[in-house]
Amino acid sequence: STCHALLNQLNSFGSEQIRNVATIGGNIIHGSSISSLNPILQACNAKLKLIKHGTNEQCEIALRNFFLRNNNVDKERDEILLSVYIPFTEKYEYLQSYKQSRRRKFDSPIVSCGFQVKLEQIQFQIDGFVPEFKWKIQSVCLSFGGIASSIVMMNKTQDYLKDKPWCKQTMKDALKYLLDELTLNESTPGGQAEYRRTLVASFFFKFYLYVKEQLQKTYPDTVVDEISSNELSAIKTYVRDLSRGEQEFQSKPISNKIVGSSSIHNSAYLHATGEAKYTCDIPTPSDGLYSALVLSTRPYARIVSIDKTKAEEVPGFKAFISHLDVPGCRMTGDVVNDEEVFPSSIVYCVGTVIGLVVADNEMDAQHASKLIDIKYECLKPLIVTIDQAIKQQSYLGPELSLKFGNLEQGFQESEHTLTGEFYIGGKEHFYLETNCCLAIPHEHGELELHVSTQNATGVQEKVAAALGIPSNKIVVHVKRIGGGFGGKDSIRHIRLCIAISIAALKLKRPVRLTLDRNVDMLISGQSHPFKSLYKVGFTSSGLLKALDIVLYSNGGWSQDCSVPIMERALLHCDNVYNFKNLKCYGRVCKTNIQSMTAFRGFGIPQANLICEIVVEHVSSYLKVEPIELRQINLYQENDSTHFNQILINWHVPKMWNELIKSSEYYQRLEEVKRFNRENHYRKRGIAMNPTKLGLGFTRKHMYQAAALIHIYRDGTVLLTHGGTLHFDNWIFNFDYIRNEFHNSLAEIVLLDFYRILTKSLLSIRLDPFA
Ligand SMILES: Cc1cc2nc3c(=O)[nH]c(=O)nc-3n(C[C@H](O)[C@H](O)[C@H](O)COP(=O)(O)OP(=O)(O)OC[C@H]3O[C@@H](n4cnc5c(N)ncnc54)[C@H](O)[C@@H]3O)c2cc1C
């Protein structure tokens with residue numbers, strides 16, 4: 001039982017890499033309040049053998065007495081953990097552990113627990129009947145992580161349970177004690193107080209079922225409440241089969257054309273072997289300097305003073321760059337210039353880049369950046385959420401709306417209407433390489449930038465404006481992005497290039513900036529959180545008739561690209577359904593959080609999700625399968641979208657029907673229903689969601705592309721373009737082109753590529769003899 005319970009935790013402990021280096025001793029002494037191991041080690045009554053540092057003095061202490069409630073581990077102990085004694089369970093003793101984290105693996109627990117109970121058999125006899133055996137609790141330990149500042153045992157509940165019979169009624173009564181004893185409230189670190197309480201209760205219930213099942217198996221003649229097969233689903237261990245997938249390739253493309261053929265990603269082997277060179281791998285020139293950002297620690301405040309005296313005392317300190325050093329335009333931005341390059345007076349969110357410290361090495365730069373002493377005067381009103389912004393009428397950009405059909409009439413024709421509200425949070429880009437750039441000044445005030453960017457043109461243009469120099473003095477190199485997903489596209493990321501470019505030109509030396517992950521996450525923005533309010537009209541047979549939808553997004557403190565993102569959301573709030581009459585309205589909220597920015601999908605995932613929520617709402621109201629409702633409302637060929645696009649060559653209905661068949665959807669649905677009938681505590685679900693994705697940008701100027709083609713005297717071709725390797729396999733497209741057209745240049749330049757940007761020096765060699 002002890003080994004099983006320990007294994008249970010170890011199997012889901014961190015990840016393989018972490019398990020390979022972490023030690024049990026380190027985990028115990030670290031004393032984390034969300035440790036996976038300490039609760040179960042407490043429950044089994046593990047003993048620690050400690051040795052006093054520098055002596056031979058040894059002592060033994062039970063882990064149950066090792067943690068101090070408000071001070072994880074007794075830091076005064078000048079001792080080293082020598083060994084851990086883990087006792088086996090005895091007869092009638094049961095041990096189990098549970099953990100809930102956001103991900104099944106790779107994550108610390110939200111709540112972890114270790115439970116132990118030792119039972120005693122009691123014989124009782126009623127005259128004339130065969131003697132029966134019951135179970136009494138002899139000792140019990142309930143240890144939890146994730147519910148206080150350290151691992152805690154529930155002493156009051158344990159006291160209550162002692163000598164009680166092991167039965168459902170005892171558990172119900174004990175649960176009240178347990179929840180009373182929990183000190184969790186809304187201010188608990190990590191939040192989610194209600195969720196954690198629910199986890200505590202459900203783990204306790206699982207343990208009760210687990211012990212009951214064990215008793216029933218081992219001692220079938222003893223009395224415990226009957227356990228139904230329905231209940232057993234609560235204690236079954238989740239086993240996920242190995243994921244598998246298949247992709248079918250045509251052995252030979254239909255023609256020699258691009259579509260239908262397959263090829264390995266140009267960088268696949270480099271990525272997989274670690275050979276690929278990223279921006280961070282580019283060596284700093286010998287006279288290069290390093291920089292670190294100085295960030296606002298207040299969400300909305302006036303800067304009263306900036307004192308750099310202490311930073312200047314750091315040995316490698318070279319300079320503090322601030323708004324006073326911006327030689328060109330002091331305003332910048334993505335769609336509109338609504339951000340100061342460095343704030344001269346007001347900061348609008350925690351993580352506003354106030355300045356840059358430059359030093360001889362990275363450690364000194366980071367150390368000195370923390371010594372810049374900034375005094376603030378906090379301002380009001382502080383607006384953080386969408387609701388607060390609506391209340392304060394705090395918005396960015398214009399009101400946006402679209403109308404199609406006659407909404408009033410649509411609702412009149414509807415037999416039912418429903419209203420609802422839905423909220424989606426933001427998402428972090430989490431690219432593998434954090435933002436990184438190197439600025440190298442050259443003769444005549446020229447600047448060479450190596451950047452992990454998705455937007456080489458934007459970097460060139462905005463840096464030139466802030467420096468007050470022409471664009472042609474700046475060359476941007478993008479070797480590899482290191483992951484972007486929109487996080488290295490907008491002004492959020494370009495601001496960093498501006499900052500180091502100012503420093504490099506001022507100091508006349510190369511300067512580099514590589515962000516730590518926490519800083520990157522603080523300053524780079526996320527996808528937009530959205531809130532939607534909707535009213536939908538429909539018939540009893542599920543035909544959608546009218547949709548009135550309002551979208552609010554949390555744009556943060558400046559516009560960035562929030563307005564185009566809202567436009568894209570409004571253009572996709574119909575997903576693939578013909579609502580016939582539709583009105584949508586969108587507003588970007590201005591708040592005191594970091595500006596939200598481009599993110600894969602650019603507003604479409606939020607809008608699609610909201611639309612699907614509306615459809616789910618209608619289907620649950622009408623008690624019909626969502627898939628059926630989806631099917632009868634799909635746009636058909638020649639229908640018009642709410643933005644007046646006639647759908648020609650509209651294949652969604654055909655694909656939808658084919659996929660229902662090929663995925664055996666209805667058979668699977670029946671299996672899910674059967675599983676759910678048979679399992680009370682564990683449920684399964686199945687869904688099929690269609691989607692359409694509008695191609696292109698809502699700004700025509702973004703459709704430009706340029707490339708420079710050199711034809712050399714030996715017949716080889718060098719193609720210089722500004723494409724950056726991000727969502728699609730860009731370089732690989734060029735390989736195709738080479739194969740496809742056998743270097744027929746006329747055809748190459750006629751091809752309509754996805755967005756080609758200027759000034760990147762990425763070159764593709766086209767070999768005529770390949
Ligand atoms: C992605 C991720 C996921 C994680 N998931 C989990 C999880 O699921 N569950 C969980 O519990 N934790 C998790 N962790 C935390 C991590 O596993 C622990 O921090 C780790 O177990 C610590 O062990 P270590 O050997 O590295 O200790 P160290 O970090 O080396 O040491 C921790 C502390 O203990 C002291 N120490 C170490 N050994 C001794 C000794 N013999 N005597 C005296 N003092 C000592 C050290 O001086 C230090 O102060 C996760 C961490 C990461 C990064």
Side-chain angles (χ1 to χ4, degrees), residues 2-44 46-68 70-86 95-115 142-153 188-190 192 195-196 199-200 203 237-238 240 428 430-432 434 483 516-521:
T2 312
C3 295
H4 269 132
L6 263 175
L7 260 181
N8 220 3
Q9 291 300 319
L10 289 174
N11 278 334
S12 62
F13 189 110
S15 61
E16 255 172 48
Q17 293 95 321
I18 289 177
R19 290 198 292 271
N20 282 346
V21 291
T23 59
I24 292 186
N27 194 259
I28 294 174
I29 305 286
H30 187 237
S32 161
S33 62
I34 49 168
S35 158
S36 302
L37 296 186
N38 282 331
I40 188 62
L41 291 174
Q42 272 197 340
C44 74
K47 307 265 185 332
L48 309 183
K49 191 179 266 183
L50 302 155
I51 182 164
K52 203 161 178 63
H53 176 62
T55 70
N56 273 335
E57 270 177 58
Q58 291 188 13
C59 72
E60 209 178 74
I61 181 167
L63 189 69
R64 290 181 183 179
N65 302 327
F66 190 64
F67 298 115
L68 303 178
N70 290 317
N71 183 18
N72 294 344
V73 180
D74 190 348
K75 298 280 194 259
E76 295 304 305
R77 302 187 87 100
D78 185 13
E79 289 157 329
I80 290 165
L81 176 60
L82 268 187
S83 64
V84 187
Y85 169 70
I86 302 172
L95 208 71
Q96 193 50 282
S97 64
Y98 303 101
K99 159 188 173 179
Q100 182 67 47
S101 49
R102 282 173 191 81
R103 292 170 293 276
R104 201 165 288 278
K105 293 196 171 174
F106 243 113
D107 204 359
S108 300
I110 297 170
V111 172
S112 58
C113 64
F115 298 140
L142 311 172
S143 173
F144 287 94
I147 58 167
S149 57
S150 69
I151 302 296
V152 280
M153 289 190 298
T188 304
Q192 297 182 291
Y195 179 48
R196 287 175 201 236
L199 287 176
V200 166
F203 288 160
T237 320
Y238 176 81
R240 191 176 194 277
E428 182 62 38
F430 223 85
Y431 24 75
L432 278 183
T434 55
D516 281 348
R517 179 67 65 185
N518 58 336
V519 176
D520 195 296
M521 288 174 83

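Order of listing sets the numbers, starting from 1, for every ligand and every atom in it. None of the values given here were measured: they were computed from a predicted structure.
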Any side-chain heavy-atom pair from [X] and [Y] closer than 4.5 angstrom?
{"X": "F203", "Y": "K99", "answer": "no"}
{"X": "I28", "Y": "L37", "answer": "no"}
{"X": "F13", "Y": "L6", "answer": "no"}
{"X": "Y98", "Y": "L199", "answer": "no"}
{"X": "P39", "Y": "Q9", "answer": "no"}

- Of all the heavy atoms in R19, does at least one lie under 4.0 Å from an atom in ligand 1?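 Checking ligand 1 against R19, which is what was asked, there is no heavy-atom contact under 4.0 Å.
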
Determine whether a donor-acceptor pair (N or O, by modelled atom type, separation under 3.5 Å) exists between the side chain of R196 and the backbone of G146.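 Here the side-chain-to-backbone pair exists.
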
key: Heavy-atom donor-acceptor pair, R102 side chain to D107 backbone, under 3.5 Å   =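 Pair absent, no side-chain N/O of R102 close to backbone of D107.
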
Closest non-hydrogen protein atom to [atom], residue and atom name please, with distance?
{"atom": "atom 18 (C) of ligand 1", "value": "N27 ND2, 3.8 Å"}
{"atom": "atom 17 (O) of ligand 1", "value": "F13 CE2, 3.0 Å"}
{"atom": "atom 24 (P) of ligand 1", "value": "T23 N, 3.7 Å"}
{"atom": "atom 35 (C) of ligand 1", "value": "I29 CG2, 3.8 Å"}

Applying side chain to side chain contact (heavy atoms under 4.5 Å, CB included), can you list everything that pairs with Y85, at least two apart in sequence or on another chain?
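By the side chain to side chain contact (heavy atoms under 4.5 Å, CB included) rule, Y85 matches K47, P87.
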
Partner residues of F115 under the ring pair (Phe, Tyr, Trp, His ring centres under 6.0 Å) criterion, sequence neighbours left out =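 F115 satisfies ring pair (Phe, Tyr, Trp, His ring centres under 6.0 Å) with F144, F207 once adjacent residues are dropped.
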
List the atom of A46, the atom of V84, and the distance in Å for their closest heavy-atom pair.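 The answer is CB-CG1, 4.2 Å.
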
Protein heavy atom under 4.0 angstrom of [atom], is there one?
{"atom": "atom 10 (C) of ligand 1", "value": "yes"}
{"atom": "atom 6 (C) of ligand 1", "value": "yes"}
{"atom": "atom 49 (O) of ligand 1", "value": "no"}

For ligand 1, which atoms sit closer than 4.0 Å to a heavy atom of [X]?
{"X": "S36", "value": "7 (C), 8 (O), 9 (N), 10 (C), 11 (O)"}
{"X": "L81", "value": "40 (C), 41 (N), 42 (N), 43 (C)"}
{"X": "I18", "value": "1 (C), 2 (C), 3 (C), 17 (O), 51 (C), 52 (C), 53 (C)"}
{"X": "D107", "value": "5 (N), 7 (C), 8 (O)"}
{"X": "G14", "value": "3 (C), 4 (C), 5 (N), 6 (C), 7 (C), 8 (O)"}
{"X": "S108", "value": "4 (C), 5 (N), 6 (C), 7 (C), 8 (O), 13 (C), 14 (N), 50 (C)"}
{"X": "I80", "value": "42 (N), 43 (C)"}

Check your understanding: Per the side chain to side chain contact (heavy atoms under 4.5 Å, CB included) rule, which among S97, S112, S143, C113 passes with I40?
Key ->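 Among S97, S112, S143, C113, the one meeting side chain to side chain contact (heavy atoms under 4.5 Å, CB included) with I40 is S97.
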
Identity of the nearest option to atom 33 (C) of ligand 1, non-hydrogen atoms only, from R103, K99, H30
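Minimum heavy-atom distance to atom 33 (C) of ligand 1 goes to H30.
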
Who gets closest to atom 28 (P) of ligand 1 by heavy atom: G26, A22, P39, P109?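 Closest candidate by heavy-atom distance is G26.
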
